[in-house]
Amino acid sequence: MALMGLDLGTTGVKSTITDNQGNILSAAYREYETSVPREGEYELDPSIVWSATKEVIQESKKFVKEDVLAVSVSSFGEAFVAVDDQGQPLMNTMLQTDSRGKDELKDLLTRISAEDIRNKTGLNPAVTFAVPKIMWIKKHRPELYGKIHRILLYGAYILYKLGNVDAIDYTLADRSLAFNVSTNDWDPDILAAAGIDRKLLPKCYRLGTVVGTIKPELASELGINADMKLVTGAHDQICVSIGAGTIDVGDATDGMGSVDNISPIFTDTSHLKENAKKNYPTVPYLDNKYTTIAYMYDGGTSLKWYRDTFGFEEVQAAELSGVSVYNIFDKYVPKKPTNLLVLPHFSGAAVPYFDEDARGMILGLSGATRKPDIYRALMEGVAFEMRMNLDNMEAGGMHVNHLRATGGGSRSDTWLQIKADVFNREVGRVHMKESGTMGVIIMAGVAVGLFDSFETAMKKLVSIDKVFKPIPENVAFYNHQYKKYQQLYAFGKKLRSL
């Protein structure tokens with residue numbers, strides 16, 4: 001018996017097949033490109049995404065003899081596909097970074113207040129979400145809008161193409177700006193204010209729900225058994241949390257990829273509006289629990305910047321020795337905290353600021369500063385930025401006692417110890433770094449009855465291989481440094497205004 005997980009990103013799609021113990025049997029990946037037709041416009045061709053998805057399904061199944069019981073999909077949020085009654089895309093997708101919809105958002109807020117939207121969705125209204133872009137299509141391309149049969153966020157689009165199923169999970173629907181997190185359905189007031197017909201949107205389901213079976217003709221084309229079940233997946237960050245085994249209130253997932261993300265588990269929604277104002281959404285999770293998505297753009301990418309800027313010799317050594325260059329960096333990084341302060345806003349500031357004009361800085365350089373000091377300081381800067389988010393979430397009723405770290409950055413013992421010291425919390429490393437893949441596998445397995453619950457599946461398939469505990473003297477030093485760090489963003493913003 002086998003299970004399939006699809007991981008859909010803005011730059012590529014991966015198919016992973018595992019056995020019922022979570023052991024990977026095969027995997028395949030295809031990249032695709034985004035386009036920039038004009039200034040401020042960022043697009044993705046959904047037909048190319050679908051073709052790439054079929055290719056990875058077909059390729060991964062070639063190496064697996066067992067039938068695939070079910071498939072589930074992890075996907076990026078906000079962006080959607082408008083399809084006609086034949087299921088064909090009517091236009092390229094406007095990605096979340098696309099600026100179209102700014103005027104439409106202003107128009108929306110004349111009909112329904114930002115406070116009402118925050119109260120219903122747990123989101124701060126922004127042009128990144130689907131609703132303003134749908135309004136833009138209706139206003140600027142009315143003939144095309146009249147042909148729309150369904151508006152599908154990407155995970156729902158793939159399920160629709162696989163089996164003509166009309167389904168989206170709560171967590172992905174939540175990234176539209178039209179989903180009510182209290183009723184777990186599309187909100188009629190927001191849709192009315194936006195002028196969007198409810199019939200254009202798919203039905204909403206809990207993540208991990210069987211909603212159909214693959215189309216027979218598609219199963220034959222892809223070499224898949226015709227009884228493979230289609231299961232609702234989730235927004236990619238939610239899949240990471242499930243794949244990291246994060247289920248108890250007070251625990252949080254720290255996804256340490258290119259973007260660094262912390263998602264705590266909580267039940268207190270009394271601060272929903274206040275959290276939304278700070279850009280911390282309230283997202284439905286499991287068993288009447290909620291999570292949020294607190295992230296910064298430059299997590300792993302800050303170390304990639306260091307590699308590309310300072311690491312020429314180490315890259316050459318890594319190529320000759322066949323090891324990761326980051327393993328080489330870790331070997332010579334200082335063991336003690338640095339006196340440097342790094343504001344890691346190299347690509348702008350994400351949550352809670354959403355300030356695209358913010359820029360990074362390195363403070364405290366001297367003639368004694370060496371390359372390894374800067375490398376460690378970058379890790380410290382990421383930890384300080386995420387501590388600031390932890391503090392904000394704590395004030396909003398989202399308490400974090402322990403963190404479960406996953407992703408490529410979690411392979412660094414040095415970085416996890418820094419985070420334990422800066423956060424003054426235990427940080428456990430999840431054994432499998434690709435938790436997003438494990439998350440959709442768990443959802444598929446629970447949906448078809450291989451596991452009797454998410455908790456059972458998580459305990460069986462997810463393990464912690466090492467726990468990092470705060471070192472008291474480092475905690476004291478970092479507490480002092482953090483007070484300085486808290487002033488950096490405001491200082492940088494003031495400099496920009498001069």
Side-chain angles (χ1 to χ4, degrees), residues 254 256 260 262 294 296-314 325-350 352-353 355 358-392 394 403 405 409-427 468-496 498:
D254 187 354
M256 298 173 63
D260 203 290
I262 291 180
M296 57 174 291
Y297 299 129
D298 294 293
T301 56
S302 64
L303 301 191
K304 181 178 180 293
W305 169 80
Y306 176 91
R307 180 199 70 187
D308 296 342
T309 306
F310 299 108
F312 177 74
E313 294 175 351
E314 291 82 0
V325 67
Y326 297 104
N327 290 341
I328 295 177
F329 291 148
D330 264 4
K331 284 183 179 178
Y332 66 62
V333 71
K335 302 305 178 187
K336 297 291 185 180
T338 75
N339 288 303
L340 301 176
L341 284 172
V342 172
L343 184 68
H345 293 170
F346 297 178
S347 304
Y353 310 111
D355 181 356
R359 290 295 177 263
M361 65 176 75
I362 302 176
L363 184 68
L365 294 170
S366 75
T369 302
R370 297 293 179 262
K371 281 172 41 177
D373 300 319
I374 296 174
Y375 189 75
R376 181 177 176 109
L378 288 164
M379 292 179 169
E380 292 169 342
V382 171
F384 284 137
E385 183 76 358
M386 297 315 291
R387 174 173 169 177
M388 179 266 298
N389 279 286
L390 283 170
D391 288 351
N392 286 343
E394 185 79 20
L403 293 101
S410 69
R411 302 306 101 178
S412 168
D413 284 12
T414 300
W415 208 352
L416 292 189
Q417 187 59 59
I418 288 171
K419 285 195 168 184
D421 295 339
V422 171
F423 299 162
N424 195 20
R425 293 169 172 91
E426 289 188 356
V427 178
F468 297 81
K469 298 182 178 182
I471 300 171
E473 55 266 36
N474 289 352
V475 171
F477 178 82
Y478 281 136
N479 281 340
H480 181 69
Q481 290 289 91
Y482 179 59
K483 291 178 181 178
K484 302 176 187 177
Y485 180 85
Q486 290 174 291
Q487 307 300 316
L488 290 185
Y489 172 74
F491 178 65
K493 191 172 183 178
K494 183 177 180 179
L495 287 179
R496 281 185 277 142
L498 295 178

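Heavy-atom basis, side chains included; hydrogens, waters and symmetry copies ignored.
- In this structure, Ser412 OG and Met379 CE are separated by 3.5 Å, a value rounded to the nearest 0.5 Å.
- In this structure, Leu495 CG and Arg359 CZ are separated by 14.0 Å, a value rounded to the nearest 0.5 Å.
- Without hydrogens or angle criteria, Arg370 side chain to Gly367 main chain gives a donor-acceptor distance under 3.5 Å.
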After noting the C-alpha distance and the side-chain angles of Phe346 and Thr301, does the key distance pass the side chain to side chain contact (heavy atoms under 4.5 Å, CB included) rule? CA-CA 9 Å; Phe346 297 178; Thr301 56; over 6 Å; no

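- The local environment of NZ in Lys336 is sparse, with at most 12 non-hydrogen atoms from other residues, nucleotides or ligands closer than 6.0 Å.
- Asp308 CG to Lys304 NZ: the interatomic distance, rounded to the nearest 0.5 Å, is 4.5 Å.
- Identified under the side-chain hydrogen bond (donor to acceptor under 3.5 Å, both in side chains) test for residues 470-480, with sequence neighbours left out: Arg376-Tyr478, Glu380-Tyr478, Arg387-Asn479, Asp421-Asn474.
- In this structure, Pro334 and Pro372 approach most closely via the heavy-atom pair CD-O, 3.3 Å.
- Classification of Lys419 and Asp260 as a salt-bridged pair holds, one side-chain N sitting under 4.0 Å from a carboxylate O.
- Under a 3.5 Å cut-off, the side chain of Thr369 and the backbone N or O of Ser366 do form a donor-acceptor pair.
- In this structure, Asp330 CG and Tyr375 OH are separated by 5.0 Å, a value rounded to the nearest 0.5 Å.
- More than 12 heavy-atom neighbours from other residues, nucleotides or ligands sit within 6.0 angstrom of CD on Glu394.
- Summarising the geometry of Val427 relative to Ala405, their closest heavy-atom pair is CG1-CB, 3.9 Å, with the distance given to 0.1 Å.
- Nearest heavy atom pair, residue Ala294 against residue Asn389, reads CB-OD1, 4.0 Å.
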Could you walk me through whether Tyr485 and Val342 pass the side chain to side chain contact (heavy atoms under 4.5 Å, CB included) test, one step at a time? CA-CA 8 Å; Tyr485 180 85; Val342 172; over 6 Å; no

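- Side-chain contact between Trp415 and Val382 is present, with heavy atoms from C-beta onward closer than 4.5 Å.
- No side-chain N or O of Asp373 forms a donor-acceptor pair with one of Thr338 less than 3.5 Å apart.
- Between the Asp298 side chain and the Ser347 main chain, a donor and an acceptor come within less than 3.5 Å of each other.
- Residues Met296 and Ala350 come closest through the heavy atom pair CA-CB, 3.8 Å.
- Residues Pro352 and Asn392 approach most closely at CG-ND2, 3.7 Å, considering heavy atoms.
- Rounded to the nearest 0.5 Å, atoms CH2 (Trp305) and CD1 (Ile374) are 6.5 Å apart.
- The two atoms that bring Pro470 and Val475 nearest to each other are CB-CG2, 3.7 Å, heavy atoms only.
- In this structure, Gln481 and Val422 have side chains that are not in contact, with every pair of non-hydrogen atoms separated by 4.5 Å or more.
- Atom CG of residue Leu363 and atom CG of residue Leu365 lie 8.0 Å apart, to the nearest 0.5 angstrom.
- The pair Asp355-Lys493 fails the salt-bridge criterion, with no side-chain N (NZ, NE, NH1 or NH2) lying under 4.0 Å from an Asp/Glu carboxylate O.
- Inter-residue side-chain proximity for Leu403 and Phe468 is flagged as unmet; no heavy-atom pair is nearer than 4.5 Å.
- Listed by chain and number, the residues in a side-chain contact (heavy atoms from CB on, under 4.5 Å) with Lys371 are Tyr306, Phe310, Glu314, Tyr332 (sequence neighbours excluded).
- Among residues two or more places apart in sequence or in another chain, the ring pair (Phe, Tyr, Trp, His ring centres under 6.0 Å) test is passed with Tyr489 by His345, Tyr353.
- When only modelled atom types and interatomic distance are considered, Tyr482 and Asn424 share no side-chain donor-acceptor pair under 3.5 Å.
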